[in-house]
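Shown next, in structure tokens, is the structure this report addresses.
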Amino acid sequence: MSAPVPHPVPIAASVPASGAMKARKLLVLLILLALALPPLLGVNTYVLHVLNLTWLAAIAVVGLNVATGITGQIVLGQAALVGIGAYTTALLMLRAAAPWWIALPGAMLLAAVVGGVLGLVSTRIKGHYLAITTLALNEIFRIAVTNEAWLTGGPIGLRDIPVFTMPWLCCGLDEDTDHQVYFVLLVVMLLVCALAIRLMKSPLGRDMRAVRDDELAAEAMGVNSFATKTRAFALCSVLGALSGGLYALSVGFISPNNFTVFESIRLLLMAVIGGLGSIGGSVLGAAVVTILPEAMRGLQTYYLAAFGAAVVIILLVVPRGLGIVGDWLTAPWLPVPMRPLKGSTVHLAPAMQGLRTTVVSGGQTRPTASTDDAAAAGAGPAAPAPAAEVRIRMSEKRELGAPLLVARHVAKQFGGVRALHDLSLDVREGEILGLIGPNGSGKSTFINLCSGIAAPTGGSIELGGEPLTSLSAWDIHALGVGRIFQNVRLWESMSVLDNVLVPYARGARSPDGIRGTKLMLADDGGRDAAMAALDRFGIRHLADRQAGSLSFGQSRLVELARATITAPRLLLLDEPAAGLRGGLVMELAEMLAGLREQGITILVVEHRIKLVMALCDRVVVLNLGEKIADDSPQAVQRDLTVIEAYLGERVEPGAIAATRAAREGG
């Protein structure tokens, strides 16, 4: 494979030396020690109160970042979720005499239910419509707590809420509430940040980032976008409620004015200033928006203008916000950079074990050197053999198994446009079936129907006897269907390794063939398999690169590694050779032949006819949504109907009829 093209990547995607990592950990430790000093140094209550509000805001902003920054769902009603936590905690303590350690979890549970409902709503509406919906939630909440005075106290709010009483945390300096809760709020905020960072490194966190970058590709790779969004909103709501409940327990008073739309916009401003998706930046953004106005109050009527100007300057100087600083500080704990693999044992799915790409050069078969093999020899990434010297190592005529994919009378219409009409075909186990035809003939549409991206208008599609037409894309992936797209669809903000790990979390086969699902915060242990999948396509050296920095050819190989890491029963390839140079195309063909040798059935859509004819066992030709040929590559090449469809040359109807009769008679 060709050597990687140098490309600048963000600081968070670089790989600092271990010494730099240790220095950053030490710096973070010193910062934490400094944050613990204010109560010990006798700082006045007002300053401590502002700092406490900062930690509370940071908790809410981290929750907002889970939904908006990490998952890409716009939330403009976070203050309502904070208010639900505050009012529920206060009401349980005042009306039901519940202790705080019951009231606060109860509030978080209720908020999780509300967040789950929001998550379900987000599967139906997207973008600015979702933002408007969450904004409406905030206004509905404000009106409800204002008008239901019998329960919430109305505009006056709730007073005399029992607050924390922990004099042993005051260090003997003072016994006011702000001193007592300072360490509690600081520790809770740090734990929330640690949980969020752990979430980003987990399979669920990768799912969230995949949904944010490209939801369609995420679903095709097995990610249940409905469940992922619902979990994101639930976590956002729980952390918002935690912030609100702690606010009620710290201040002892709440009113509707604490949870207005303006407060939601203020929380979103903290997330933007801190950098969307940055956990460390969430704390920095909360500090700037909370502390800076208080520090500027001496400017009297001009302090809001000065604050606005400071925010604009920050965003102009650093468009990514303070997240560039937050990510730099928390780099040792973030999912990127990834450490090089050292001495790991590779555990592949049984169907993929032993797979080794080979090329033939000068009449001799040799194994393709992996990047690590070449690096060990001091030669860098392995270079491909010259295109003129490369040919595909094809197996002898082989016995094919029973039909794996069965399509009968499939039709698909987009409004008045007929993309497919009465299409019937089989793909047999162990077969490489080529699907060709002019542009607009319905090839990619059929791939989309088989992978669940679109639903057919009529007909049926089955995989091993299992109907696919009513299943979602992630359910079809779980049945053993992998695919690549006509236009490369990688999750560009993620590393190459994380791209390959996303489908592994729910598609890895155990030795008995059963597919497992590893979600939430558990470590899926799939890095070894992901590195092996990259090595299989000669791109192991790209593992730590940001996917958005790759060339088109490199991106295509990453997409192939991502599609094959789960050892799918059926691999759907939509123009895999598009954008690849000649020599790399032949190597790709060799890799596909190797995948077939390992028991993977392949359906390939491709415009490079020479590649299709050399690689495929059988070829199906579409034209204007209908099947016009289904035969061996040699027979298809001689078919006058195919020649007419491809070349546009007029062929006598009698000649076409004679050709069809001869084919059917044979």
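Computed over heavy atoms, backbone and side chain alike; hydrogens, waters and symmetry mates excluded.
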Who passes side-chain contact (heavy atoms from CB on, under 4.5 Å) against Ala112, sequence neighbours left out? Val238
Would Leu137 and Thr133 count as a side-chain contact (heavy atoms from CB on, under 4.5 Å) if you check the C-alpha gap in whole Å, the side-chain angles of each, and the deciding distance to 0.1 Å? CA-CA 6 Å; Leu137 170 68; Thr133 301; over 6 Å; no
Contact summary for Leu64 and Ala271, nearest pair of heavy atoms: CD2-CB, 4.1 Å
Let me see the working for Ile254 and Phe259 under side-chain contact (heavy atoms from CB on, under 4.5 Å), right down to the final yes or no. CA-CA 9 Å; Ile254 55 175; Phe259 314 107; 4.2 Å; yes
With no hydrogens and no angle check, just 3.5 Å: does a side-chain donor-acceptor pair link Asp178 and Thr45? no
Counting only N and O atoms by type, is there a donor-acceptor contact under 3.5 Å from the side chain of Arg95 to the main-chain atoms of Leu151? yes
Looking only at heavy atoms, the pair that brings Ala58 and Met189 closest together is CB-CG, 3.8 Å
Find out whether Thr123 and Ser225 are in side-chain contact, i.e. whether some heavy atom of one side chain is under 4.5 Å from a heavy atom of the other. no
Pair listing, side chain to side chain donor-acceptor pair (under 3.5 Å) test, anchored in residues 63-91, at least two apart: Asn65-Ser282
Considering residues, nucleotides and ligands other than Asn44, do more than 12 of their heavy atoms fall under 6.0 Å from its CG? yes
To check you understand the geometry: which heavy-atom pair defines the closest contact between Ser250 and Leu185, and what is its length? OG-CD1, 3.9 Å
So that I can tick it off, tell me whether Asp498 and Arg209 are bridged by a salt bridge, with the cut-off set at under 4.0 angstrom between side-chain N and carboxylate O. yes
Answer whether the closest heavy-atom distance between the side chains of Phe414 and Lys412 falls below 4.5 Å. yes
What distance separates Ile74 CD1 from His128 NE2, expressed to the nearest 0.5 Å? 9.0 Å
Under the side-chain contact (heavy atoms from CB on, under 4.5 Å) rule, collect the residues that match up with Thr260, sequence neighbours excluded. Arg142, Phe262, Glu263
Contacts of type ring pair (Phe, Tyr, Trp, His ring centres under 6.0 Å), residue Phe226, not counting sequence neighbours: Trp474
Quiz question: by atom type and distance under 3.5 Å, do the side chains of Thr457 and Gln413 form a donor-acceptor pair? no
Whether the side chain of Thr152 engages the backbone of Val145 through a donor-acceptor N/O pair (distance < 3.5 Å, no angle test) should be reported. yes
Could you check if a side-chain atom of Arg483 sits within less than 4.5 angstrom of a side-chain atom of Ile447, using non-hydrogen atoms only? yes
Under a 3.5 Å distance rule, please check whether Ser255 uses its side chain to pair with a backbone N or O of Gly157 as donor and acceptor. no
Smallest heavy-atom separation, Ala36 atom then Pro39 atom, equals O-CD, 3.6 Å
Could you tell me if the side chain of Pro503 sits less than 4.5 Å from the side chain of His477, heavy atoms only? yes
Which heavy atom of Ile453 sits nearest to which heavy atom of Ala220, and what is that distance? CD1-CB, 4.0 Å
Checking Glu559 side chain against Phe485 main chain: does a donor-acceptor pair fall under 3.5 Å? yes
Side chains of Pro38 and Val47, heavy atoms from C-beta outward: is any pair under 4.5 Å? no
Rounded to the nearest 0.5 Å, what's the gap from NZ on Lys229 to CG on Asp207? Could you check? 13.0 Å
Would the distance check show the side chain of Asn499 and the main-chain N or O of Trp491 forming a donor-acceptor pair, the cut-off being under 3.5 Å? yes
With rounding to the nearest 0.5 angstrom, report the CD1 to CG distance, Ile273 to Leu292. 8.5 Å
Does the Arg212 side chain pair with the main chain of Gly69, one donor and one acceptor, at a distance under 3.5 Å? yes
Got a sec: does the CD1 of Ile156 have more than 12 other heavy atoms crowding it under 6.0 Å? no
Do any N or O atoms from the side chain of Arg24 and from the backbone of Trp328 form a donor-acceptor pair under 3.5 angstrom? yes
Where do Ala57 and Ser243 come nearest, in terms of heavy atoms and distance? N-OG, 4.5 Å
Taking everything shown except Arg124 itself, do over 12 heavy atoms lie less than 6.0 Å from its CZ? no
Report the C-alpha separation of Cys193 and Val62 in whole Å, then their side-chain angles, then the decisive distance to 0.1 Å, and conclude whether the side-chain contact (heavy atoms from CB on, under 4.5 Å) test is met. CA-CA 7 Å; Cys193 290; Val62 169; 4.1 Å; yes
Checking Asn448 against Thr445: is there a side-chain donor and acceptor pair closer than 3.5 Å? no
Met93 vs Leu249 side-chain heavy atoms within contact, under 4.5 Å: yes
Any Arg206 side-chain heavy atom under 4.5 Å of Met494 side chain: yes
By side-chain contact (heavy atoms from CB on, under 4.5 Å), Leu53 pairs with (sequence neighbours left out) His49, Leu56, Tyr247, Thr290
Calculate, to the nearest 0.5 Å, the distance between atoms CD and OG1 belonging to Glu215 and Thr228 respectively. 9.0 Å
Kindly compute the distance separating CG (Leu239) from CG (Leu235), expressed to the nearest 0.5 Å. 6.5 Å
For Val28, give me all partners under side-chain contact (heavy atoms from CB on, under 4.5 Å), at least two apart in sequence or on another chain. Leu32, Leu329, Trp333
Leu81 and Cys236: CA distance, side-chain angles, deciding distance, side-chain contact (heavy atoms from CB on, under 4.5 Å) verdict: CA-CA 8 Å; Leu81 301 171; Cys236 172; 4.3 Å; yes
Spatial distance of atom CZ (Arg489) from atom OG (Ser555) [nearest 0.5 Å]: 13.5 Å
Could you tell me if the side chain of Asp327 sits less than 4.5 Å from the side chain of Ile279, heavy atoms only? no
